There are 2 protein chains.
Amino acid sequence: MSALVKPAPKPEAGPQPGAGGRDLATGAEAEAETAAAVPLALGPLEESLGFHLRLAQIEAFDAFFAAFAEDGLQPGLLSVLITIGENPGVRQGVLANALKIKRSHMAKIVQGFDAAGLVDRRVPADDRRAVELTLTPAGRGRVAAAMPKFRTHETLSASRLSAAERRTLLDLLRKLSGG
Amino acid sequence: MSALVKPAPKPEAGPQPGAGGRDLATGAEAEAETAAAVPLALGPLEESLGFHLRLAQIEAFDAFFAAFAEDGLQPGLLSVLITIGENPGVRQGVLANALKIKRSHMAKIVQGFDAAGLVDRRVPADDRRAVELTLTPAGRGRVAAAMPKFRTHETLSASRLSAAERRTLLDLLRKLSGG
DNA sequence: CATGGAATGTTTTCGAGTGGACAAAATTGC
DNA sequence: GCAATTTTGTCCACTCGAAAACATTCCATG
């Protein structure tokens, strides 16, 4: 598949009228589909952590996609690359565990990266079941190239929060997840 | 399909050895797959809102599943039912918009609910494209039955946070999502 | 009113992610 | 040493959700 190599989802002429062409830099939220933004009564959902987590996550995901659209890179995939870079020789299962990605899925992802020449898979001599992962030079380049955009994205996506609020939110999320 | 009527995912004999039988009440986190909980260096991810949102959301999702496994109910589906209940006669598209569910997906969901006899779909006379949704008595019963469990789940899932922290987290999430 | 465009919901098609069975290698117990 | 169990990764079948094309209805403009 090489889910990383698709040369920007669709090389269209420009912002199509119907497609709702994602204003990248402006930060305007631009009324997703159509359907008036009628405020609904959410009842108990209004106070639900899980519900708001989902909302926030979807929004963050969308923002990420908007930022990285041309790279054809997804949040999960980038996190895998980064983590391999930070932990050369990490075991595939350990990686999956830390990133909350299922091992079966991680296998697919790593296959894709391998095929794309971004990671090396080495079978250690002392345990021939395992696979140790390392970034290739190309992989390191890919990560390095993505990092500035990543930082920009992180800043932009929290633009509604003050620095202190962002810090607090991060800490609380970490605490919630048992960090 | 009737994705709501499956009588608990698998009516097995008991907690299978290999299946990892989800201790519901204990709250112990029980080492998901196997793979030692080796702490990895996450580098820039450590400070990433999006990354921690994903982690927290996955965890919340899992907890929800554990709590509602026997009901065969999913977070998104319950949120749809609740919101219809809170807004009788709501338009399908408005609902999709508010819950960040794609319209095409909402169509499927509503079809399922309709087939299960949980919602009524009424085409208003003044706009024959639209569909207005209402809970049937059975639907209201379903929601009412789920609510206590839902509140319990909400409380449990935030057990690592104090009440004040939970409140703060909720407010920050809402602010982040443009509430 | 006729005609082109927009809004609403549906269908179809496809990718992402899961669950479970599996093969190979390691570990343990005898 | 050898069988049983466990760990590690992979494969296959399936579901959830998204993107895009579509049909129908409404609206605007002449």
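Given the structure is predicted, the values throughout are model-derived calculations rather than measurements. Protein chains get the first letters and strands the later ones, always in sequence-line order, with residue 1 at the start of each.
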Listed nucleotide nearest any side-chain atom of [X], set [options]:
X        : options                : value
A:His105 : C:dT10, C:dG19, C:dG17 : C:dG17
B:Ser104 : D:dT7, D:dC11, C:dT10  : C:dT10
A:Arg103 : D:dT8, D:dA18, D:dC26  : D:dT8
B:Gln74  : C:dG9, D:dC16, C:dT10  : D:dC16
B:Lys108 : D:dT10, C:dT10, C:dT12 : C:dT12
B:Asp127 : D:dC26, C:dA16, C:dA26 : D:dC26

| Closest heavy-atom contact between A:Arg142 and A:Leu81? | CG-CD1, 4.4 Å
| remark: Nearest heavy-atom contact between A:Pro88 and A:Thr134 is CB-CG2, 4.2 Å
| said: If you apply the rule salt bridge (charged side-chain N to carboxylate O under 4.0 Å, His left out), what do you find for A:Asp171 with A:Arg167, and how did you get there? | reply: CA-CA 6 Å; A:Asp171 289 344; A:Arg167 172 86 264 147; 3.4 Å; yes
Using whole Å, report how far [atom1] of [X] lies from [atom2] of [N].
X        : N      : atom1 : atom2 : result
A:Phe61  : D:dC16 : CZ    : P     : 18 Å
A:Arg122 : D:dT8  : CZ    : P     : 17 Å
A:Arg128 : D:dT10 : CZ    : C1'   : 17 Å
B:Gln92  : C:dG9  : CD    : P     : 5 Å
A:Phe113 : C:dA16 : CZ    : C1'   : 13 Å
A:Leu95  : D:dT10 : CG    : C1'   : 16 Å
B:Lys102 : C:dT12 : NZ    : C1'   : 18 Å

| Taking C-beta and beyond as the side chain, do A:Val90 and A:Thr83 meet within less than 4.5 Å on heavy atoms? | no
| said: According to a hydrophobic-cluster definition based on side-chain heavy atoms being under 4.5 Å apart (Ile, Leu, Val, Met, Phe, Trp, Tyr only), do B:Leu95 and B:Leu77 belong together? | reply: yes
| request: Establish, with yes or no, whether the OP1 or OP2 oxygen of C:dT11 is under 4.0 angstrom from a side-chain nitrogen or oxygen of B:Gln111. | output: yes
| remark: Assign each of A:Gly76 and A:Ala125 the nucleotide of DNA chain C bearing its closest heavy atom; nearer the 5' end lies the nucleotide of A:Gly76
| What about A:Arg129: does its side chain form a donor-acceptor pair under 3.5 Å with the base of D:dG9? | no
